Amino acid sequence: MAPPKIESGSAGPLDGFFRGFKAGFASVFQLVLFGTFVSIGSLAHDLGFSAPWVVLSTLIVWAAPAQVIMITALGAGAPPLEVAIAVSLSAVRLLPMVVSLLPIIRSERTRPPGLILAAHFTAVSMWIETLRLAPTRPRSERVAFANGIGASFLATSILATILGHYLAAVLPKVLVAALLFLTPMSFMTSVTRNSRMLSDRVAFVAGLVLGPLLVFYKVGLDLLWTGLLGGTAAYLFYRLRKGMR
Amino acid sequence: MTLRELAPYLILIFAGFLPHEAWRWVGIVLSRGLDETSEVVVWVRAVAIAILAGVVAKIVVFSPGALAGVPLWVRLSAAAAGMLAFFLARQSILVGVAAGTGCLLLAELVLGR
């Protein structure tokens, strides 16, 4: 495949930002994010969190998996320290994304605030779209472009969060149940789609089985054990298979 | 604002924002180096995926809020139907989510609740 053509002509950061913002709105991820965050808004409402609280969580946490872990765990009365550890473990996956994204968008003149913002916007959706589109822009414009994509995704997600929180209050119970069901469905499908390695897929199945099982047997800190046992078993399985080849 | 009103926001910052954002900051620092296929990253990603899968399964099996009113067998069948549709439609997220949620709604309407 030929590398994407790099457009010439220098543009200011503001120009790059709006280009990114527009590109973000044309992305298929808009629809996925909309559904996911409507679901998160209604989940928060159902578990007794206020609209400003869940909107703030979308703004500053900006990662649907972490938000669902946080909202369900806090809502079920889990100790905040366990929630913090589970949220943190779910966020480690962002580290390699940030590490692989920044070298592509940064230039010698990039200043820290722009990079910190781009790192904050980094989530699966923004990462995929920026990796795909940023290389078509001149390097000097890329950080602003990436932040434009991130801002458009965040804007949609915040509106969806508010809408979901509101809908959970007014819709009939059957429809609220359907909204809540969007969360497991969208995670099951998107994680399956994004798992490239054997260890990812085994970990997913292990988590599906272990999660409810540990709750059923009333094991404390069930999320952490699910992650450590399921994840480590999946990793060892992957190593074993790799070793045999 | 009283401390009682402020408490959920403090918990959001200390149990949500900081433990999450820290990894993005570490990413900025490490952004020269660290390979996506290094062994530590593979293991950590597996742990994170298992946690996420555990959360998903818990939502379906021990449902929170309004979803708890839907019988367990309906939730499990709808999830299975959604995944089946997802694979049949060449891993289309949209088709999978729509099919799973649609089945849940349909079952609830047929059961007349």
Side-chain angles (χ1 to χ4, degrees), chain A residues 32 46-47 53 57 60-61 65-66 68-70 72 80 83-84 86-96 98-100 102-103 115 119-120 173-174 176-178 180-190 193 199-200 203-204 206-208 210-212 215 223 226-227 230-231 234-235, chain B residues 8-9 11-12 14-17 19-28 30-32 34 36 41-67 69-70 75 78-79 82-83 86 91 93-94 96-97 100-101 104-105 108-109 113:
Chain A
V32 177
D46 240 42
L47 291 175
W53 187 91
S57 88
I60 67 178
V61 177
V68 171
I69 292 170
M70 183 178 69
T72 50
V83 179
V87 163
S88 192
L89 281 171
S90 85
V92 185
R93 80 205 145 82
L94 295 179
L95 175 69
V98 173
V99 170
S100 53
L102 295 191
L115 271 191
H120 177 69
K173 254 193 144 188
V174 180
V176 177
L180 297 182
F181 203 62
L182 289 174
T183 305
M185 282 319 301
S186 69
F187 282 155
M188 279 196 289
T189 50
S190 58
R193 223 181 111 147
S199 52
D200 296 347
F204 188 66
L208 283 182
L210 275 177
V215 176
L223 275 186
T226 300
Y235 173 73
Chain B
Y9 292 93
I11 292 176
L12 172 57
F14 287 103
F17 174 68
H20 197 269
E21 198 73 4
W23 292 109
R24 289 178 170 132
W25 294 333
V26 175
I28 299 175
L30 292 184
S31 63
R32 299 168 202 278
L34 207 72
E36 212 200 343
V41 174
V42 172
W43 174 71
V44 159
R45 204 174 54 223
V47 171
I49 287 177
I51 288 184
L52 188 58
V55 169
V56 165
K58 269 171 76 177
I59 293 178
V60 175
V61 178
F62 304 99
S63 295
L67 199 53
V70 179
R75 287 179 251 142
M83 288 312 284
F86 164 76
Q91 308 212 353
I93 294 175
L94 199 65
V97 173
T101 312
L104 184 96
L105 261 181
E108 284 296 278
L109 293 177
R113 286 156 22 94

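All of these numbers come straight from a predicted model, not from anything done at the bench. Per chain, numbering begins at 1; letters A, B, ... match sequence-line order.
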Looking only at Ala119(A), Ser199(A), Ala234(A), Gly230(A), most heavy-atom pairs under 4.5 Å shared with chain B are made by Ala119(A)

Smallest separation among heavy atoms of Trp53(A) and Tyr9(B), with atom names: N-OH, 3.5 Å

Just so I understand: if I count every heavy-atom pair under 4.5 Å between each of Leu105(B), Leu94(B), Ile93(B) and chain A, which residue has the most? Ile93(B)

Part of Leu47(A) within contact of chain B (heavy atom distance under 4.5 Å): side chain

Could you go step by step and tell me if Arg193(A) and Phe86(B) meet the side chain to side chain contact (heavy atoms under 4.5 Å, CB included) rule? CA-CA 10 Å; Arg193(A) 223 181 111 147; Phe86(B) 164 76; 4.2 Å; yes

For chain B, find which of Thr72(A), Leu210(A), Leu94(A) contributes the most heavy-atom pairs closer than 4.5 angstrom. Leu94(A)

Is it the side chain or the backbone of Glu21(B) that comes within 4.5 Å of chain A heavy atoms, both, or neither? side chain

Sort Leu102(A) into side chain, backbone, both or neither according to what part of it lies under 4.5 angstrom from a heavy atom of chain B. side chain

Option in Ala86(A), Gly227(A), Ala178(A), Ala66(A) with maximal non-hydrogen atom pairs under 4.5 Å from chain B: Gly227(A)

Specify the closest pair of heavy atoms between Pro19(B) and Val87(A), including all atoms of both residues, with the distance to one decimal. CG-CG1, 4.4 Å

Can you tell which of Pro8(B), Ala50(B), Gly16(B) has the highest number of heavy-atom pairs within less than 4.5 Å of chain A? Ala50(B)

Would Val68(A) and Ile59(B) count as a side chain to side chain contact (heavy atoms under 4.5 Å, CB included) here? Give the steps. CA-CA 10 Å; Val68(A) 171; Ile59(B) 293 178; 3.7 Å; yes

Contact class of Val55(B) relative to chain A, heavy atoms under 4.5 angstrom: both

For the interface with chain A, which of Ala48(B), Gly96(B), Ala78(B), Gly54(B) has the highest count of heavy-atom pairs at distances below 4.5 Å? Gly54(B)

Interface moiety of Met188(A) toward chain B, non-hydrogen atoms closer than 4.5 Å: both

Segment of Thr183(A) engaging chain B (4.5 angstrom heavy-atom cut-off): side chain

Cut-off 4.5 Å, heavy atoms of chain A, and the answer for Val26(B) is both

Taking all non-hydrogen atoms of both residues into account, name the closest pair between His20(B) and Ser90(A) and its distance. CD2-OG, 4.4 Å

Who pairs with Ser88(A) by side chain to side chain donor-acceptor pair (under 3.5 Å), at least two apart in sequence or on another chain? Trp23(B)

Between Val215(A) and Lys58(B), is there a side-chain heavy-atom distance shorter than 4.5 Å? yes

Please name the pair of heavy atoms, one in Val176(A) and one in Ala66(B), separated by the smallest distance, quoted to 0.1 Å. CG1-CB, 3.7 Å

So which heavy atom on Val70(B) is nearest to which on Ala177(A), and how close? CG2-CB, 3.8 Å

Heavy-atom cut-off 4.5 Å, strictly under: side chain, backbone, both or neither for Phe17(B) against chain A? both

Counting only heavy atoms closer than 4.5 Å, note whether Ala22(B) contacts chain A via side chain, backbone, both or neither. neither

Glu108(B) and Val174(A) have their tightest heavy-atom pair at CB-CG1, 3.7 Å

Which atoms of Ala206(A) are under 4.5 Å from chain B, going by heavy atoms: the side chain, the backbone, both sets, or neither? neither

Kindly write out the residues that satisfy side chain to side chain donor-acceptor pair (under 3.5 Å) with Ser63(B), not counting sequence neighbours, or none if the list is empty. Arg75(B)

Quick one: of Leu12(B), Leu52(B), Thr101(B), Val61(B), who has the most non-hydrogen atom pairs under 4.5 Å with chain A? Leu12(B)

